[in-house]
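Working notes for the structure below.
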Amino acid sequence: FLSVSVFAGNKDRVGQAGASELLLNPWGRSSGVFGLNCANVSGVEAMKLNIAGLAGVKKTEVGFAHTRYLAGTGISMSNLALGRNLGDIGVLGINIMSFNFGEIPITTTSSPEGGIGTFTPSFLNMSVGLGHTFSRNMSAGLNVTYVNEAISNIKASALGFDAGVQYTNGERDNLHLGISLRNVGTNIRFTGDGFSFNGKTPDLATELTVQQRSEKFSLPSQLSIGAAYDFYLDEGKAPAAEGAAKKEENPKHRLTPMFSFVSNAFSTDWLGLGMEYAYSEKIMLRAAYRYETDVQDKELSTTFFTGPSAGLTLNTKLSKKENQVISIDYAFKATRISNGVHTLGVRYN
């Protein structure tokens with residue numbers, strides 16, 4: 001009856017990682033539960049949460065999503081992904097995510113008020129992943145991401161690696177367990193002509209170009225552990241008439257609670273609960289709450305998110321004969337500043 005508490009991480013490292021956009025989720029379906037679906041995420045959106053879920057692509061899946069990040073600020077991100085089942089090899093996925101910060105006024109020490117033009121940063125992440133199903137109950141995957149950040153005279157790049165495992169069990173594969181490790185890779189360092197300036201030798205006789213050195217940053221490593229369980233609310237509640245043959249039908253009402261713990265190497269850890277309701281897998285409603293240390297305290301909180309999120313998915317078949325499905329996803333995440341984060345996506349299976 002003894003217990004020991006262990007607190008991992010180093011608070012002094014908070015905010016010291018580079019390429020923090022790798023922690024942002026561009027997909028509408030998983031954003032509706034604040035990315036807490038590490039255990040049951042499936043399809044191309046798994047490339048941004050748990051690469052093992054990529055193995056859920058049956059044939060081909062194409063997805064596009066657009067996010068208004070902190071609506072009203074002009075910041076947005078766009079994401080395009082393709083997944084293709086290669087049979088025994090597994091599912092190959094490609095994901096491209098870019099950011100748009102709008103036009104930012106150029107300011108210098110000599111012109112702090114601006115008025116000398118604008119610049120547009122370029123943030124681009126490209127990922128290639130492979131998800132493989134080892135058995136009926138277990139799948140795993142590996143993912144590599146190329147990170148590039150640049151303005152006209154400064155740029156940086158790095159490689160990040162992800163790995164994940166998902167396990168399912170139960171009569172209808174109700175139980176879902178998942179674990180993923182993301183953004184473990186090379187350091188990122190900014191270089192370019194923007195770090196150079198004209199100077200003079202110590203004797204002031206000769207002018208030369210002086211190059212400043214920049215510090216390197218680590219990628220924002222992240223470990224996620226999650227669980228989910230599917231409850232089929234109408235299963236076994238509509239027995240066949242007396243003397244009639246029993247007909248096997250899929251339940252129409254599914255309720256899936258989910259839990260996830262996320263350990264961030266360079267920011268506060270996350271802990272959250274989510275819930276998704278689905279009617280005939282055609283209409284899905286979801287909501288979640290993600291807790292961080294001091295998340296409700298304006299003075300002490302290290303995030304502008306306030307915790308709640310919500311989302312909606314509409315699925316429709318294009319043909320009765322073939323299993324071709326179009327999905328439309330929307331998600332909202334509440335923020336303390338601006339007008340929240342809005343994500344709209346379309347997926348084709």
Side-chain angles (χ1 to χ4, degrees), residues 7-27 30-31 33-38 41 45-53 67 69-70 75-77 79 81 95-99 101 121-129 141-150 154-164 178-191 214-226 260-272 290-295 301-305 307 309 333 335 341 343:
F7 297 89
N10 182 356
K11 291 184 178 180
D12 294 337
R13 301 172 69 195
V14 171
Q16 295 185 20
S20 57
E21 70 273 12
L22 291 172
L23 297 179
L24 302 181
N25 185 359
W27 294 106
S30 47
S31 289
V33 290
F34 233 129
L36 301 176
N37 54 337
C38 163
V41 63
E45 64 178 301
M47 298 184 71
K48 287 297 181 180
L49 285 174
N50 186 347
I51 184 61
T67 299
Y69 198 74
L70 296 175
I75 303 174
S76 64
M77 58 181 176
N79 194 88
N95 191 96
I96 301 175
M97 184 170 70
S98 66
F99 283 76
F101 296 91
S122 173
F123 279 33
L124 183 67
N125 300 334
M126 295 181 290
S127 303
V128 177
L142 293 172
N143 189 52
V144 57
T145 301
Y146 171 72
V147 183
N148 182 268
E149 301 178 353
I154 294 176
K155 63 180 180 179
S157 60
L159 286 178
F161 300 90
D162 307 340
I179 182 170
S180 70
L181 180 64
R182 302 182 58 236
N183 308 326
V184 177
T186 63
N187 292 321
I188 184 169
R189 186 194 301 269
F190 288 93
T191 60
S214 62
E215 185 56 86
K216 60 184 179 182
F217 299 88
S218 298
L219 296 182
S221 302
Q222 183 185 76
L223 174 68
S224 300
I225 303 173
S260 188
F261 169 73
V262 181
S263 176
N264 293 296
F266 292 90
S267 60
T268 56
D269 295 339
W270 307 336
L271 191 70
R290 190 184 80 182
Y291 174 78
E292 302 178 45
T293 303
D294 299 318
V295 68
S301 177
T302 57
T303 177
F304 47 66
F305 289 111
S309 66
K333 291 184 283 191
T335 57
V341 176
T343 301

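Because the structure is a prediction, the values reported are computed rather than measured.
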With sequence neighbours excluded, what pairs up with [X] under the side chain to side chain donor-acceptor pair (under 3.5 Å) test?
X	result
Ser31	none
Asn183	none
Ser76	none
Asp294	none

Donor-acceptor check, side chain of [X] to backbone of [Y], threshold 3.5 angstrom: yes or no?
X	Y	result
Asp269	Asn264	yes
Ser214	Phe190	yes
Ser260	Gly272	no

Original post:
Residues in ring-ring contact (aromatic ring centres under 6.0 Å, His included) with Phe123, at least two apart?
Top reply: Phe101
Original post:
Of all residues at least two apart in sequence or in a different chain, which pass the ring-ring contact (aromatic ring centres under 6.0 Å, His included) check with Phe217?
Top reply: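 Scan of Phe217 (ring-ring contact (aromatic ring centres under 6.0 Å, His included), adjacent residues dropped) gives none.
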**OP:** Start with the C-alpha gap between Tyr146 and Leu159, add the side-chain angles, then the distance that decides, and say whether side-chain contact (heavy atoms from CB on, under 4.5 Å) holds.
**Re:** CA-CA 5 Å; Tyr146 171 72; Leu159 286 178; 4.0 Å; yes
Which heavy-atom pair separates [X] from [Y] by the least distance, and what is that distance?
X	Y	result
Ser218	Phe266	CB-CZ, 3.5 Å
Leu22	Leu219	CD1-CD2, 4.2 Å
Thr67	Pro26	OG1-O, 3.7 Å
Ser98	Leu124	CB-CD1, 3.9 Å
Met77	Asn25	CE-O, 3.7 Å
Ile51	Gly129	CD1-CA, 4.1 Å

side-chain contact (heavy atoms from CB on, under 4.5 Å) partners of [X], counting only residues at least two apart:
X	result
Thr191	Arg189
Ser180	Cys38, Asn50, Arg182, Ser224
Leu70	Thr73, Phe304, Thr335, Ile337, Ser338
Ala163	Leu142

[atom1]-[atom2] distance between [X] and [Y], expressed to the nearest 0.5 angstrom:
X	Y	atom1	atom2	result
Gln16	Glu215	CD	CD	9.5 Å
Glu45	Asn95	CD	CG	10.5 Å
Ile188	Asn148	CD1	CG	8.0 Å
Leu181	Leu223	CG	CG	6.0 Å
Leu271	Tyr291	CG	OH	9.0 Å
Glu292	Thr303	CD	OG1	4.5 Å

**OP:** Please tell me if the side chains of Phe34 and Val262 come closer than 4.5 Å, counting only heavy atoms from C-beta onward.
**Re:** no
**OP:** Check the pair Asn79, Lys48 against side-chain contact (heavy atoms from CB on, under 4.5 Å), reporting the backbone distance first and the verdict last.
**Re:** CA-CA 11 Å; Asn79 194 88; Lys48 287 297 181 180; 4.2 Å; yes
Original post:
Should Gln222 and Trp270 be marked as a side-chain contact (heavy atoms from CB on, under 4.5 Å) after you check the CA-CA gap, both sets of side-chain angles, and the distance that decides it?
Top reply: CA-CA 10 Å; Gln222 183 185 76; Trp270 307 336; 3.5 Å; yes
**OP:** Tell me, please, which residues at least two apart from Glu21 pass salt bridge (Lys or Arg N to Asp or Glu O under 4.0 Å).
**Re:**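 If we apply the salt bridge (Lys or Arg N to Asp or Glu O under 4.0 Å) test to Glu21, skipping adjacent residues, there are no hits.
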**OP:** Tell me, with the steps shown, if Val341 and Phe305 meet side-chain contact (heavy atoms from CB on, under 4.5 Å).
**Re:** CA-CA 9 Å; Val341 176; Phe305 289 111; 3.9 Å; yes
Original post:
Between Tyr69 and Phe99, is the gap from one ring center to the other below 6.0 Å?
Top reply: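 No.
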